[in-house]
**Q** 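Questions regarding the structure given below will be posed in turn.
So you know, we letter chains A, B, ... as the sequences are listed, proteins then strands, and number each from 1. Treat the numbers as computed from the prediction; the structure is a model and nothing was measured.
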Amino acid sequence: MTDTTDTTETNPAALPKAYRPGDVENAIAERWLAADVFAPDGAGSRADAGAEPFTIIQPPPNITGSLHLGHAQRAAVEDLMTRHARMTGKAALFLPGLDHASIAAQFVLDGILAKEGLSRQSLGRDAYLERMQEFVAATRAVILGQERRLGASLDWGRLRYTMDDGSAKAVRAAFKILHDRDLAYRTEALVNWCPGCRTSVSDLEVVSTPETGTIWSIRYHLIDEATGQPLTGQANTITVATTRPETVLGDTAVAVHPDDARYRALVGRHVRIPFVERDVPILADDVVDAAFGTGAVKITPAHDHDDHVTGLRHGLAMPTILDDAAAVANTGTKYDGLDRYAVRTAILADLAILGDLAGEKPHEMVLGRCQRSDDVVEPRLKTQWFIRTAPLAAKALAATRERRTRIVPEQFEKTWEHWLTNIRDWNVSRQLWWGHRIPAWYCPDGHVNVSAEEAGPSACDACGRPAAELRQDPDIFDTWFSSGLWPFSTLGWPDDTADFRRFHPTSVMETGYDIIFFWVARMMMLGIELTGVEPFHTITLSGLIRDPLGQKMSKTKGNVVDPLAVMEEAGADALRFSLIHGASAGQDQRFGPQKLELARNFANKLWNAARFVLGARPDEVGPDAPRVAPDDADLGPAERWIRSRAAATAQAVDRGLAEYQFGEVTRALYEGIWSEFCDWGIELAKVRLADDGASPTERSATWWTLVDALDRYLRLLHPVMPFVTEAIWAALPRRAGDPDLLIVAAWPDADGRDPALDTKIGQVIETIVAIRNARAQADLPAGAWLETHLLAPGDAFDTFEAIASAIARLARARPLTLHRAASGLPRPAGALEIVLPAGDIEATVLPPATSEDTAGRDRARLEKELVEAEGHLEAARARVANPSFTDRAPPAVVEGARTRAAELAEQVARLRERLGRPG
RNA sequence: GGGCGAUUGGCUCAGUGGUUAGAGCACGCGGUUCACAUCCGCGGGGUCACUGGUUCGAAUCCAGUAUCGCCCACCA
């Protein structure tokens, strides 16, 4: 390790003056890699073989592109949990991975090929797959580089890919098991066909889009039962309504409701379907809504879900009239070969010529479109593989209902329940090339062989025909099938590996709520069925990142933010902080430059605070002095306060982490580090550090207190902002037993050993703020040192006296005189009068020269304070005078209200007195 | 048609029964003292969407309404 941070170790004060995130982050990234600290069993790991495992499951990014802010958020949150677990001594495993993204990848590659004048079909399967391998080899490097840059502490040695050999083996094994248990079956069914992607897609990949279409009325002519010929004239027709006239060619029946008097006489008769000249029956079926349209429905069993069911019920023929490209085919009409929409237009025109187009009107309808290509999906009859989901879903539901797996936030449990309760079987066959081939082989006699062996079966199980005569299913699996095995396939399943035994079931699965069904539910269903145990204990679902206007980020909208550019500008730490800070469980968040700026400024603030602390080392502490815990006796009230506030922050951070409320974690840290440690802790400490009157041990104690607090804040912040904390920590003196790197240092405890909050410092702060306020309101020069008198009665006096010089400095009060009794407080005419709400504390500030102006402003301020205080007092008195409150509220609350009423009364009395109207 | 979520200062958001509802940004005033102008100090700004209920007490719990957003859903 020969990077720049090493030099700062021997010379703590040498943190560079300017905070440059890029430099810091590059240097630190190298140190982590060199130290091998990311792997739970790496050389630099603190966890031994007996350490409690903590495994986090991240959604492997699609290999097709580069990462966007949503990925960055995923990684930031997951890495936060990983780093925290690591610091608490667990064997933390954050496993990196990539998803081959079958359909998405093909969609992208097809687009690239189209620009070259090529196509999937023109290349052929082998050449196409070769091309795909080249493509993903390039994108792979980009994605992994982005994750590294972000500081994700992924165990790179365990990098996995859904198309690697391990995944392939898991896919085969999983399918074999499911088939053996009758949970995977092959059948002819109506599937969702995307003509653009030339494949079937699952129900989840069909997006319902409302559109205003047209509903046409078409007359079908009744057949003369005697002659077998169609009758002419409108009286001898039945009118059906349809939004898809082209499907006329596939009609095999007309249905009416059995109770519909209008059509009762027609049931059992036949009509002739035009163009195909097919005679089909009119039948009665309950599914028909007599009130809708004409009350008569054309039935196209091969191209409509309802009609398919109706067709099965009545044993109707199911002619398929669309080919893979959704062109009309096999109808024996002149329409064959034409696109479905061209046929629609032609048929409407031809029906009009025949005089059988009875009408048309606009119609609000819902069209299913392909999630990937946006093509209108066609229902089509296909023989494909399905996963029987009901039994799997039942087990997944049982796992969440019995709390073996917890969903955070809970609101998603309802969605989860609803979907898994109403789940339909999962069509896993895809007529694509990029993915795992379905391990099913068919023999000429129709026997189906499913094999987990890479080479397939050696002979047909049923009839013994040799392998050479068997034909493997040309289809591949839905990409989510392999993703669904991710938590355990990455750990070695189906083999009983050491990793699988140690890290499965996993601890936390984190992802965006948008893939709860696609991915999370499938992992649960498959995981429980295949491994016998739910694959994770906790599911945490995050919201989505939106642009500043609240719109979803998408490439087509052009509002996608590249995380690399953001990190270039503000640093990975700032990006991570802003993504986590803005998040609230399960809620979407808008991301804009302001949030990033907040985070960047915070990192800069921390950097400078650290520079101060390092540079403030008193001479009596040598540059290489071993870290010592300051003697409690040498601590002043400010030091005790600093320590207690750091402990309070640790508690708040622990609470936030335990509840997966990561936004609370960053809020606690921001507040604790900036508003408490920097604004008051350091400012109060400065005085004693520079005070020649303080003893060397006192000065040392103050400095070590700052170092301790800073050390604690750095540990607490490390999971959120790993780089800057690591860099600063490297410059701090180590405690005995500390490792070289913060990433493997111990998480700070937040137990009760730290002194409770010193409320007297709270009063000191309030006093300083009140004096500053009065001076600013009176428009006195901010920098002027003004004679100030402070009344601090009772036990507050000692505290005030102990840090009087700090008060003087922070309130620009010089000379500052403390008084124990009100009688001692001088109140010359024109002095600013300050009355604190509690503790009987008062102050007077003597301006250099009183003026009408100054006196008037001060009086106006007091008047305003009086009005406010009187208002509060009235409310407080009404409260404590209410017997139902005093009887029913908890005693502590009642006591607090009484104290408050008394304090307000006191404040009001004093303010009145200052204003010259006592009573 | 079901379900879920949101509605808090100009903007972005915290805050799930207990004193006087907070933060950052923006805004106004003032600051070049040796950590930081990516900063420091002070200030203005909110009937917590609406209505009703529960409660000693409601931004917070319940019911309803409105607006916005999301998810699920095979009526031609």
**Q** Using 30° and 60° as the class limits, which term best fits the ring planes of A/Tyr660 and A/Phe662: parallel, tilted or perpendicular?
**A**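 Taking A/Phe662 first and then A/Tyr660, their aromatic rings stand perpendicular (interplane angle over 60°).
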**Q** So which protein nitrogen or oxygen atoms get under 3.5 Å of nucleotides 46-49 of chain B's nitrogens or oxygens?
**A**
none

**Q** A/Ala897 or A/His581: which one's nearest nucleotide on RNA chain B is closer to the 5' end?
**A** A/His581
**Q** Let's see if you can work this out: which of B/A73, B/A76, B/G44 has an atom nearest to the side-chain heavy atoms of A/Phe292?
**A**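 Comparing B/A73, B/A76, B/G44 against the side chain of A/Phe292, the answer is B/A76.
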**Q** For A/Glu568, give me all partners under side-chain hydrogen bond (donor to acceptor under 3.5 Å, both in side chains), at least two apart in sequence or on another chain.
**A**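 None.
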**Q** So which nucleotide from B/C40, B/A76, B/U12 ends up closest to the side chain of A/Trp674?
**A**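 Within the option list, the nearest is B/C40.
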**Q** Grab the stems for RNA chain B, please: at least three consecutive Watson-Crick or wobble pairs, both distances below 3.5 Å, written as range with range.
**A** B:1-7 with B:66-72, B:10-13 with B:22-25, B:27-31 with B:39-43, B:49-53 with B:61-65
**Q** Using the P atom in both, what is the distance from B/A49 to B/U8, to the nearest Å?
**A**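 Between the two P atoms, the distance is 6 Å.
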**Q** Say you pick atom P in B/C48 and the same atom in B/A59; how far apart are they, in whole Å?
**A**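 Comparing P positions in B/C48 and B/A59 gives a spacing of 7 Å.
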**Q** Roughly, in whole Å, what's the span from CG in A/Leu420 to P in B/C72?
**A** 13 Å
**Q** Between B/C42, B/G18, B/U20, which nucleotide gets closest to the side-chain atoms of A/Asn773?
**A**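 Taking heavy atoms from C-beta onward, the closest nucleotide is B/C42.
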**Q** Between B/U20 atom C1' and A/Arg879 atom CZ, what is the distance in whole Å?
**A** 11 Å
**Q** I need the CD1-C1' distance between A/Ile771 and B/G43, as an integer number of Å.
**A**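 For the pair A/Ile771 CD1 and B/G43 C1', the rounded distance is 18 Å.
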**Q** Base, sugar-phosphate alone, or nothing: which one does A/Pro890 contact when heavy atoms must sit under 4.0 Å apart?
**A** base
**Q** Just verifying a value: how many Å separate A/Asp304 CG and A/Thr243 OG1, rounded to the nearest 0.5 Å?
**A**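 Answer rounded to 0.5 Å: 8.5 Å.
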**Q** What orientation do A/Tyr513 and A/Phe412 show, parallel under 30°, tilted 30 to 60°, or perpendicular over 60°?
**A**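 The rings of A/Tyr513 and A/Phe412 lie parallel, inter-plane angle below 30°.
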**Q** Tell me whether the side-chain N/O atoms of A/Arg590 come closer than 4.0 Å to OP1 or OP2 in B/C13.
**A** yes
**Q** Distance between the P atoms of B/G46 and B/G10, in whole angstroms?
**A**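 Each nucleotide's P atom is 8 Å from the other's.
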**Q** Please enumerate all residues that pass side-chain contact (heavy atoms from CB on, under 4.5 Å) together with A/Ile321, with sequence neighbours excluded.
**A**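 With sequence neighbours excluded, A/Ile321 shows a side-chain contact (heavy atoms from CB on, under 4.5 Å) to A/Leu249, A/His303, A/Thr331, given in chain and number order.
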**Q** Go through residues 658-673 of chain A and report each residue with a non-hydrogen atom lying under 4.0 Å from RNA chain B, sorted by number.
**A**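 Listed by number, they are A/Glu664, A/Arg667, A/Tyr670.
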**Q** What is the separation between atom CG on A/Leu832 and atom P on B/C42, rounded to the nearest whole Å?
**A**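 Rounded to the whole Å, the gap is 16 Å.
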**Q** Rounding to the closest angstrom, what is the interatomic distance between B/G28 and B/C13 at atom P?
**A**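 It comes out at 24 Å once rounded to the nearest Å.
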**Q** Which pairs of donor and acceptor atoms, one on a side chain in residues 592-602 of chain A, lie under 3.5 Å apart (sequence neighbours left out)?
**A**
unit_1	atom_1	unit_2	atom_2	d
A/Lys595	NZ	A/Arg590	O	2.7
A/Asn601	ND2	A/Glu597	O	3.4

**Q** I'd like the P distance from B/U32 over to B/G24, given in whole Å.
**A**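 It works out to 23 Å between them.
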**Q** Within this structure, what is the CZ-to-C1' distance between A/Phe885 and B/U55, rounded to whole angstrom?
**A**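 Between C1' of B/U55 and CZ of A/Phe885: 13 Å.
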**Q** How long is the line joining NE2 of A/His363 and C1' of B/C75, in whole Å?
**A** 8 Å
**Q** May I ask you to say whether A/Arg900 pairs ionically with A/Glu903, meaning some side-chain N is under 4.0 Å from a carboxylate O?
**A**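 Salt bridge between A/Arg900 and A/Glu903, a charged N being under 4.0 Å from a carboxylate O: no.
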**Q** Name all residues meeting the side-chain contact (heavy atoms from CB on, under 4.5 Å) criterion together with A/Val254; count only those two or more places apart in sequence or in a different chain, and write none if there are none.
**A**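 For A/Val254, the residues satisfying side-chain contact (heavy atoms from CB on, under 4.5 Å) (neighbours in sequence not counted) are A/Tyr220, A/Ile238, A/Val240, A/Val271, A/Ile282, A/Ala296.
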**Q** Less than 6.0 angstrom from the centroid, inside 45 degrees of the normal: does A/Lys686 satisfy that with respect to the ring of A/Phe612?
**A** yes
**Q** Between B/C70 and B/U51, how far apart are the two P atoms, rounded to whole Å?
**A**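 It comes out at 28 Å once rounded to the nearest Å.
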**Q** Think A/Ser584 has a side-chain N or O under 4.0 angstrom from the OP1 or OP2 of B/A14?
**A** yes
**Q** Starting at NZ of A/Lys552, measure out to CG of A/Leu544 and round the result to the nearest 0.5 Å.
**A** 5.5 Å
**Q** When you compare B/A14 with B/U7, how far apart are their P atoms, in angstrom units rounded to a whole number?
**A** 7 Å
**Q** Dump the pairs, protein N or O against N or O of nucleotides 30-35 of chain B, anything under 3.5 Å, distances to one decimal.
**A**
unit_1	atom_1	unit_2	atom_2	d
B/U33	N3	A/Arg812	NH1	3.4
B/U33	O4	A/Arg812	NH1	3.0
B/A35	O2'	A/Asn608	OD1	2.9
B/A35	O2'	A/Arg611	NH1	2.9
B/A35	N7	A/Lys686	NZ	3.1
B/A35	N6	A/Glu683	OE2	2.9
B/A35	N3	A/Asn608	O	3.2
B/A35	N3	A/Ala609	N	3.2

**Q** Heavy atoms from C-beta onward define the side chain here; which of B/A14, B/C72, B/C42 lies closest to that of A/Ala776?
**A** B/C42
**Q** Which residues pass the salt bridge (Lys or Arg N to Asp or Glu O under 4.0 Å) test with A/Asp547, sequence neighbours left out?
**A** none
**Q** Got a second to check how far A/Leu911's CG is from A/Glu863's CD, nearest 0.5 Å?
**A**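 Between A/Leu911 CG and A/Glu863 CD, I get 9.5 Å after rounding to 0.5 Å.
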**Q** Measure from CZ on A/Phe591 to P on B/C25 and round the result to the nearest Å.
**A** 16 Å
**Q** Can you tell me how far CD1 of A/Ile299 sits from CE of A/Met318, rounded to the nearest 0.5 angstrom?
**A** 10.5 Å
**Q** Without hydrogens or angle criteria, can the side chains of A/Trp416 and A/Thr400 be said to hold a donor-acceptor pair below 3.5 Å?
**A**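 Distance-only check passes for A/Trp416 and A/Thr400.
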**Q** Of all the choices, B/G43, B/A76, B/U19, which nucleotide is nearest to the side chain of A/Val297 once you look at every atom?
**A** B/A76
**Q** Pairing donors with acceptors under 3.5 angstrom, does anything connect the side chains of A/Ser200 and A/Asn192?
**A**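 Not at all, the side chains of A/Ser200 and A/Asn192 share no donor-acceptor pair under 3.5 Å.
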**Q** Test of understanding: with side-chain contact (heavy atoms from CB on, under 4.5 Å), list the residues that count as partners of A/Glu874, not counting sequence neighbours.
**A**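 Listed in chain order: nothing, the list is empty.
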**Q** Just the atom pairs and distances: protein N or O near nucleotides 2-6 of chain B's N or O, under 3.5 Å.
**A**
unit_1	atom_1	unit_2	atom_2	d
B/C4	OP1	A/Lys414	NZ	2.7
B/G5	O3'	A/Gln587	NE2	3.4
B/G5	O2'	A/Gln587	OE1	3.3
B/G5	O2'	A/Gln587	NE2	3.3

**Q** In terms of the nearest nucleotide of RNA chain B, which residue is placed more toward the 5' end: A/Gln589 or A/Lys298?
**A** A/Gln589
**Q** For the atom pair NE2 (A/His363) and CH2 (A/Trp216), what is the distance rounded to the nearest 0.5 Å?
**A** 10.5 Å
**Q** Touch check for A/Thr886, heavy atoms < 4.0 angstrom, all strands: base, sugar-phosphate only, or nothing?
**A**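 The residue A/Thr886 makes no contact with any strand.
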**Q** The criterion is side-chain contact (heavy atoms from CB on, under 4.5 Å); which residues satisfy it with A/Asn608, sequence neighbours excluded?
**A**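 By the side-chain contact (heavy atoms from CB on, under 4.5 Å) rule, A/Asn608 matches A/Asn604, A/Arg611.
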**Q** Does A/Arg772 reach a base, just sugar-phosphate, or nothing at all? Heavy atoms under 4.0 Å.
**A** sugar-phosphate
